[in-house]
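Reading through the structure tokens given below for one structure.
This one's a predicted model, so the numbers in the text were calculated from it and none came from an experiment.
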2 protein chains.
Amino acid sequence: MTRPSEVTRERILKAAERLFAERGYDGTSIRAIVARAHVNQAAINYHFEGKEGLYREVLRAAFRGLTEHQLASAAQSGQLSREDALAGFIRRQLRPLLARDEASRHIRIFNWESVRPTPVFRKLLSEEAAPFMGVATDLVGRFLPTADHRTLVVAAIWLLGQCSIFVRNREQLSGPPVELASDEASIEWLAQTISRWATGALQSAG
Amino acid sequence: MTRPSEVTRERILKAAERLFAERGYDGTSIRAIVARAHVNQAAINYHFEGKEGLYREVLRAAFRGLTEHQLASAAQSGQLSREDALAGFIRRQLRPLLARDEASRHIRIFNWESVRPTPVFRKLLSEEAAPFMGVATDLVGRFLPTADHRTLVVAAIWLLGQCSIFVRNREQLSGPPVELASDEASIEWLAQTISRWATGALQSAG
DNA sequence: CTCCATTTCAAACGATAGTTTGAAAACTGG
DNA sequence: CCAGTTTTCAAACTATCGTTTGAAATGGAG
């Protein structure tokens, strides 16, 4: 029982993800989505019961894509030294700098939400952010074995902040006055530099 | 020659700053602004030549307010030890966490711009970000006397990232699963904790 | 007070937004 | 192949957007 409408559904989701990532919820019109997806305008209401329902689906997919990627990589980090695990974590966090791929779009959608969270996003975050935060807290916990839980959570966020500022402001930082390069070698250098500093901080604190 | 229209102008600017900070450029309607400012709808076009012109003025005021505050505080940091100067810088960066004051609104406007920069913002940034970045690079430069300019710029951004993630995501972090408190004592603890880690990183790197 | 530029105002404009409609087309199970 | 459901489609609907208009009100200079 293959559903013929799945093709339309997927086309809408794909187009909507790109546009929501690029222009945000308010800045993206139904007409822009259907034009890119090559479907009829009423298809969105038929398949998703409106713009908001479509956005909900895009948000869920983005969240799933991001956390699954992070959790999968973190599963094997126990075999690495804490320093190598930290460096790998930071390099993965900086990955969206390299290409405008799917992960990059997912992060952009999250960036929009971080400015003005929708109720849909709030719910998603409160329900499903715990595993990802667990990965990060476990990582810093290997450096801070005596720290309490609150400190570990703050340390995890602090670590994420060191990466996210480069990812989030990629566009501005590529121009003057910073002129941050985005070729593979430069990003690798950036990842190693941040890893060195973060390692120094955690080692001297633990 | 006092201009009677200044009252209307200021009322519009004040209302617009609040709404742009809260809902972003696209999410804020002219009608919402004039309703809050208690002025006629056409006043915006009369005084600012349209919504975009008004936004330009709000953006300029926000930029001025933020950087002036930072630059003024940085002027006397040369008398402090590098560790104390760093701690003060971090504490000032975290200030918007304490209250929803003017600085908090300015930062929110910048957050909107970091997701999808308007041409107005790009120009402003490329022309006037240098002094502020200079303060930050000078600060980290006291820890990294042998580093080249690119490394100092990256270190400055890296330092800003450690603070901005808490400021930017204040709303989400105050809820589950993080439950970050925002009373004065908690923020002071946060500032000292970040200062300790950042100091450790820069000391071990320099 | 009078004159004239400045400022305010209510109303309407064209454009675009998200959604609804009802019929046509396509597909599926029998 | 047919009957009945699912899916697509062009068009129109209502609401809201930013902007424009032209007259009314206001304020200061002579």
Item to check | Working for salt bridge (charged side-chain N to carboxylate O under 4.0 Å, His left out), residues A:R105 and A:E22 | outcome: CA-CA 8 Å; A:R105 286 197 300 276; A:E22 195 175 335; over 6 Å; no
Checklist entry - Any side-chain N or O of A:T8 under 4.0 Å from OP1/OP2 of D:dT8? => result yes
Checklist entry - Taking atom P of C:dT20 as reference, at what distance in whole Å does atom CZ of A:R31 sit? => result 13 Å
Next on the checklist: At 4.0 Å (heavy atoms only), tell me whether B:A42 reaches a base, stays on the sugar-phosphate, or touches nothing.
Outcome noted: base
Next on the checklist: Both A:Q41 and A:Y46 contact DNA chain D. Which one's nearest nucleotide lies toward the 5' end?
Outcome noted: A:Y46
Item to check | Side-chain donor-acceptor contact under 3.5 Å, B:Q93 with B:Q70 | outcome: yes
Checklist outcome for this item: Whole-Å distance, B:E49 CD to D:dT19 P, equals 11 Å
Next on the checklist: Within the structure provided, determine whether B:I194 and B:L94 are in side-chain contact (heavy-atom separation under 4.5 Å).
Outcome noted: yes
Next on the checklist: Output the rounded distance in Å from CG (A:N40) to C1' (D:dT8).
Outcome noted: 6 Å
Next on the checklist: Without decimals, in angstroms, what is the distance between B:R11 CZ and C:dT7 C1'?
Outcome noted: 13 Å
Checklist entry - Would you say a side-chain N or O of A:H47 is under 4.0 Å from OP1 or OP2 of D:dT6? => result no
Checklist entry - Hey, are A:S104 and A:D101 close enough side-chain-wise for a donor-acceptor pair under 3.5 Å? => result no
Next on the checklist: If you assign B:H38 and A:I44 each to the DNA chain C nucleotide with the nearest heavy atom, which residue ends up on the more 5' nucleotide?
Outcome noted: B:H38
Item to check | Spacing between B:I12 atom CD1 and C:dT8 atom C1', to the nearest angstrom | outcome: 11 Å
Checklist outcome for this item: note: A:I33, atom CD1; C:dT19, atom C1'; distance rounded to Å ~ 14 Å
Checklist entry - Does a nitrogen or oxygen in the side chain of B:S29 sit under 4.0 Å from OP1 or OP2 of D:dT16? => result no
Item to check | Integer-rounded Å distance: D:dG18 P and B:L19 CG | outcome: 11 Å
Checklist entry - Quick one: B:D26 CG to C:dG18 P, roughly how many Å, whole number? => result 11 Å
